[in-house]
Trainee: 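Dropping the structure in here first, questions after.
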Amino acid sequence: MKKHLLIISFLTVSFLSNAQLYTLGVKGGLNQNKIGSLYQRPYNGDPGINHQPNKDISPQFGAFLNVKFGKFFIQPELNYVKLKNHYDLPLKTSYWNTSKTEIPVILGFEIFDPLSLYIGPNFNFYKKTSLDGVQVTSFSDGGKI
């Protein structure tokens with residue numbers, strides 16, 4: 001692990017020493033997303049029901065480093081993103097929560113000011129995901145009724 005940190009530190013210093021311009025920054029915002037529905041299987045002659053999620057507002061924040069090399073630039077970021085929804089079920093409310101750490105590495109080329117071309121991967125590391133308030137039955141895994 002120490003070798004990896006040393007290599008990353010060396011590469012960062014070498015990028016900064018050869019760069020014409022670099023910018024450090026922070027970012028933050030709010031998310032409002034919608035995931036899929038919850039299906040309630042038919043029971044005692046009642047039809048099956050798809051419960052749609054209600055959008056909840058959740059935060060995101062992070063930091064970035066933008067390093068320019070003439071018309072080219074690289075912008076690694078580190079972001080924390082929280083995502084949540086809730087479902088109004090007949091007997092109680094169910095809550096879906098997750099969070100993730102995103103590490104996008106954006107490579108760019110400035111075509112002409114203000115038009116730039118961006119490309120690069122985005123690595124996502126999900127934390128615990130939970131769905132609270134849903135009754136788990138022997139049929140929850142798709143078994144026969």
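For reference, positions follow the sequence shown, starting with 1.
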Trainee: Tell me if the CD1 atom of I119 is crowded by more than 12 foreign heavy atoms within 6.0 Å.
Mentor: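 Incorrect, the count does not exceed 12.
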Trainee: Are side-chain heavy atoms of L83 and N97 found at a separation under 4.5 Å?
Mentor: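 Answer no - side chains too far apart.
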Trainee: So which atom in K27 and which in F64 form the shortest heavy-atom distance, rounded to 0.1 Å?
Mentor: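 Reported closest heavy-atom pair: CD-CD2, 4.2 Å.
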Trainee: Is it the case that D88 and N54 place a side-chain donor and acceptor less than 3.5 Å from each other?
Mentor: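 The answer is yes; a qualifying pair exists.
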Trainee: With rounding to the nearest 0.5 angstrom, report the CG to CD distance, L115 to E110.
Mentor: 9.0 Å
Trainee: When you group the ILVMFWY residues by side-chain heavy-atom contacts below 4.5 Å and let the links chain together, are I103 and I106 in the same group?
Mentor: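 Different hydrophobic clusters.
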Trainee: Transitively linked via ILVMFWY side-chain contacts under 4.5 Å: L117 with F112?
Mentor: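 L117 clusters together with F112.
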Trainee: Could you give the distance from OH (Y95) to CG (L131), rounded to the nearest 0.5 Å?
Mentor: 12.0 Å
Trainee: With hydrophobic residues grouped by side-chain heavy-atom distances under 4.5 Å, do F125 and F61 end up in a single group?
Mentor: no
Trainee: Are any of the side-chain heavy atoms of Y87 and I35 separated by less than 4.5 Å?
Mentor: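 When only atoms from C-beta onward are counted, I35 and Y87 do touch, with a gap below 4.5 Å.
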Trainee: Any side-chain heavy atom of N50 sitting closer than 4.5 Å to one from L38?
Mentor: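 Not touching, per the 4.5 Å side-chain cut-off.
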Trainee: Please answer whether the main-chain N or O of N33 pairs with a side-chain N or O of N85 as donor and acceptor at a distance below 3.5 Å.
Mentor: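 Yes, N85 side chain to N33 backbone: donor-acceptor pair under 3.5 Å.
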Trainee: Is there a donor-acceptor contact under 3.5 Å from the side chain of T101 to the main chain of Y80?
Mentor: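 Here the side-chain-to-backbone pair does not exist.
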Trainee: Roughly how far, to the nearest 0.5 Å, is the CD atom of E77 from the CG atom of N66?
Mentor: 9.0 Å
Trainee: Side chains of D132 and S94: closer than 4.5 Å at any heavy-atom pair?
Mentor: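 Not touching, per the 4.5 Å side-chain cut-off.
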Trainee: Check whether any side-chain N or O of S58 sits under 3.5 Å from a backbone N or O of K82 as a donor-acceptor pair, and report yes or no.
Mentor: yes
Trainee: Of K84, K34, Q32, which meets side-chain contact (heavy atoms from CB on, under 4.5 Å) against D56?
Mentor: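 Among K84, K34, Q32, the one that satisfies the side-chain contact (heavy atoms from CB on, under 4.5 Å) with D56 is K84.
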Trainee: Would you say T98 and Y126 make side-chain contact, with heavy atoms under 4.5 Å?
Mentor: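 A side-chain contact exists here, since the closest heavy-atom pair is under 4.5 Å.
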Trainee: Kindly state whether the ring of F73 and the ring of Y118 have centres lying under 6.0 angstrom apart.
Mentor: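 Centroid distance F73-Y118: below 6.0 Å, so yes.
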Trainee: Within the structure provided, determine whether L65 and T23 are in side-chain contact (heavy-atom separation under 4.5 Å).
Mentor: no
Trainee: With rounding to the nearest 0.5 angstrom, report the NZ to CZ distance, K100 to F123.
Mentor: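 Reported to 0.5 Å precision, the distance equals 14.0 Å.
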Trainee: Output the distance between atom CZ (F72) and atom CG (L107), rounded to the nearest 0.5 Å.
Mentor: 10.0 Å
Trainee: Less than 4.5 Å apart, side chain to side chain, heavy atoms only: is that true for F69 and L21?
Mentor: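 No; the side chains remain at least 4.5 Å from each other.
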Trainee: Should L30 and V81 be regarded as members of a common hydrophobic cluster, given that ILVMFWY residues are connected when their side-chain heavy atoms come within less than 4.5 Å of each other, either directly or indirectly?
Mentor: no
Trainee: Taking atom NE2 of H51 and atom OG of S37, what is their separation to the nearest 0.5 Å?
Mentor: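 Reported value, rounded in 0.5 Å steps: 9.5 Å.
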Trainee: Of all the heavy-atom pairs spanning E102 and N122, show the shortest one and how long it is.
Mentor: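 Answer, listing the atom of E102 first, then N122: CB-OD1, 3.8 Å.
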